Protein chains: 2
Amino acid sequence: MSESMAPIERHSLHDVVTERIRDMIVEGAYPPGSRLPERVLCETLGISRTPLREALKVLASEGLLELAPNRGARVAGLTADDVDELFPVMGALEALSGELACARITETVLAEIRALHYQMVLHHTRGERPPYFSLNQQIHEKILEAARNPTLTAAYTNLSGRIRRARYTANIAASRWAQAVREHEEMLEALAERDGPRLAEILKRHLHNKCETVKAALAAIE
Amino acid sequence: MSESMAPIERHSLHDVVTERIRDMIVEGAYPPGSRLPERVLCETLGISRTPLREALKVLASEGLLELAPNRGARVAGLTADDVDELFPVMGALEALSGELACARITETVLAEIRALHYQMVLHHTRGERPPYFSLNQQIHEKILEAARNPTLTAAYTNLSGRIRRARYTANIAASRWAQAVREHEEMLEALAERDGPRLAEILKRHLHNKCETVKAALAAIE
DNA sequence: TTGTTGAATTTTGCATACAATTTTGTATGC
DNA sequence: GCATACAAAATTGTATGCAAAATTCAACAA
């Protein structure tokens, strides 16, 4: 994005509200299936119903909410079938991001990713989950950014929001965790060698494994 | 989905309006970049501003409109750069749809696609473009349907809506047209042999060529 | 107890009203 | 003539009001 001109970001109320509710849902503030009465949200956010309803419509079109006519909004649930549907699509998009990133990444960004990676590895060896997951996500975001395709980024971000990361990252098995770190090491190698097809393959595999982890976490919750 | 119970589709006004405006934009009723004042749309559709604004927010989140704070809605334009962004993503999604379709398609649906295909070929030999394009799109939709992944279908449909306007007006060159038909023949072969990777490769190539066609059409319009 | 009926309450859908911002048009100065 | 300044009109953003639908809950019957 341009940094020379100050991007005067004038946020309308409905935009701010959309983002806030989206964050709340993604972070698991409301359990799946729970109702979100307009009145409650209005009071919580200190706004009227008009901008709130505009936000709800957008979030529903993103698949984060389910709107039933005359029955209000519910937080969309996530079944194992939903996950089986989501992950192949996310896998295809991440694979593409890997291919594009290999073609377009700069040494600077690669160095940034490398730094993030080794910091992440450190947190793994220490068994510190929250910072590990934070760095993990940052790395994937950096790769997406390196692909320089906002449409791709938007599509991926939209789908990934539906997984509601916060809920499922808490309990990862040690064996799967170690495997994920190994996959990340392979990713770094492929990126350094600008080996697009290999990175694509690794990312697809990585996502597939993540899919199983999320499904296991889902089953554990029930 | 359940088909035993009648799926009572109760359309809210904002839903109907969203769909109508979306169709109007996709079919080119409003030129790209043109303003869409709320007052005009309200009078055209015979509704008040509340449901209209909800529809506009959704269409903007789909990328069909651009909303500037306090400045209203404009029909999103489509630059060559946008097309270069869109097609790799659509290519990745279509490739996935091909792989999944090969794994899941039934003989019945394959027969339907075959019928559509040969009808399409007929229109090609006769030089009849509109019915050709219609059948072409139907075939791609059938493949998506055969993949049985609504999330994938939704993601693809969303992106494809942004370029459909260009596709309508596309004056395809005879040489490219023949090439497209050959690619479709390959697709049918790969589907019949349930050769997922090959179908994925063909579709990716097909989309890449389509990208160039659309860019040429865009350049011709300007 | 359990299930059903129906009125009261709540909640949603849409329209309208008001405030804030932008756009338009006109007059004035150079 | 051209640019600027300012007022008027139009447009958008938000809040509120009212009608329709759904939910709740209490009374009643089996």
Side-chain angles (χ1 to χ4, degrees), chain A residues 5-25 29-77, chain B residues 5-25 29-77:
Chain A
M5 281 287 277
I8 305 166
E9 297 199 25
R10 308 179 56 200
H11 294 294
S12 300
L13 199 44
H14 55 256
D15 269 321
V16 180
V17 167
T18 304
E19 220 168 308
R20 275 202 59 182
I21 300 179
R22 183 174 20 234
D23 286 348
M24 287 160 91
I25 295 174
Y30 302 107
S34 66
R35 291 197 55 183
L36 296 182
E38 296 178 4
R39 185 150 191 77
V40 174
L41 291 174
C42 285
E43 286 168 6
T44 305
L45 301 166
I47 58 169
S48 83
R49 288 176 57 211
T50 307
L52 175 79
R53 284 175 57 85
E54 292 172 358
L56 293 183
K57 297 290 175 298
V58 171
L59 294 173
S61 89
E62 291 176 10
L64 259 59
L65 294 178
E66 284 165 11
L67 289 181
N70 290 311
R71 268 187 232 175
R74 286 179 180 282
V75 177
Chain B
M5 281 287 275
I8 306 167
E9 296 202 24
R10 310 177 58 203
H11 294 294
S12 301
L13 197 45
H14 56 256
D15 269 321
V16 181
V17 168
T18 304
E19 218 168 310
R20 276 202 59 181
I21 300 180
R22 182 171 22 231
D23 286 348
M24 287 161 92
I25 295 173
Y30 302 106
S34 64
R35 291 197 54 182
L36 296 181
E38 296 179 4
R39 186 151 191 75
V40 174
L41 290 174
C42 286
E43 286 168 7
T44 305
L45 301 166
I47 57 169
S48 82
R49 288 177 58 211
T50 307
L52 176 79
R53 284 175 59 83
E54 292 172 357
L56 294 182
K57 296 289 175 299
V58 171
L59 295 172
S61 89
E62 290 176 11
L64 259 58
L65 294 178
E66 284 165 11
L67 290 180
N70 290 310
R71 268 183 232 176
R74 287 179 179 282
V75 177

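If you're wondering where the values come from, they're calculated on a predicted model, not measured in any experiment. Lettering of chains follows the sequences in order, A, B, ..., and the numbering in each one begins at 1.
- Looking at residues two or more places apart in sequence or on another chain, you find a salt bridge (charged side-chain N to carboxylate O under 4.0 Å, His left out) between Arg39(B) and Glu43(B).
- For the atom pair CZ of Arg20(A) and CD1 of Ile47(A), the computed distance is 9.5 Å after rounding to the nearest 0.5 Å.
- Taking atom CD of Glu43(B) as the reference point, atom C1' of dA10(D) lies 13 Å away to the nearest angstrom.
- Pro51(B) and His14(B) get closest at one heavy-atom pair: O-CB, 3.8 Å.
- The two residues Pro31(A) and Val75(A) come nearest to each other via the heavy atoms O-CB, 3.6 Å.
- Here CG of Leu56(A) is found 11.5 Å from CG of Leu64(A). Values are rounded to the nearest 0.5 Å.
- Closest non-hydrogen pair, Pro32(A) versus Ala76(A), comes out as CB-O, 3.9 Å.
- In this structure, the CG atom of Leu13(B) is 12 Å from the P atom of dT16(C), given to the nearest Å.
- For DNA chain C, each stem of at least three Watson-Crick or G-U pairs (distances under 3.5 Å) is given as range with range: C:1-30 with D:1-30.
- As rounded to whole Å, 12 Å separates atom P of dC14(C) from atom CG of Leu67(A).
- Following rounding to the nearest Å, Arg71(A) (CZ) and dT12(C) (C1') show an atom-to-atom distance of 12 Å.
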*Might you work through the side-chain contact (heavy atoms from CB on, under 4.5 Å) test for Lys57(B) and Glu54(A), ending with a clear yes or no?*
CA-CA 7 Å; Lys57(B) 296 289 175 299; Glu54(A) 292 172 358; 3.5 Å; yes
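- Distance from the side chain of Asn70(A) is smallest to dT12(C) among dT12(D), dT23(C), dT12(C).
- With sequence neighbours excluded, no residue forms a salt bridge (charged side-chain N to carboxylate O under 4.0 Å, His left out) with Arg74(A).
- Interface residues of residues 48-64 of chain B facing DNA chain C, ordered by number: Ser48(B), Arg49(B), Thr50(B), Pro51(B); criterion, heavy-atom separation under 4.0 Å.
- Of the residues in residues 33-40 of chain A, those with a non-hydrogen atom less than 4.0 angstrom from any atom of DNA chain C are Arg35(A), Pro37(A), Glu38(A), Arg39(A).
- For the side-chain contact (heavy atoms from CB on, under 4.5 Å) criterion with Val17(A), the lone passing option out of Leu59(A), Leu45(A), Val58(A) is Leu45(A).
- Across Ser61(A) and Ser61(B), no two heavy atoms sit closer than the pair OG-OG, 3.3 Å.
- One distance of note links CD of Glu62(B) with CZ of Arg22(B); it measures 4.0 Å at 0.5 Å rounding.
- One finds a side-chain N or O of His14(B) lying less than 4.0 angstrom from the OP1 or OP2 phosphate oxygen of dC14(C).
- To the nearest 0.5 Å, atoms CG (Leu36(B)) and CE (Met24(B)) are separated by 8.5 Å.
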I'd like a list of close polar pairs between nucleotides 6-9 of chain C and the protein, N/O only, cut-off under 3.5 Å.
none

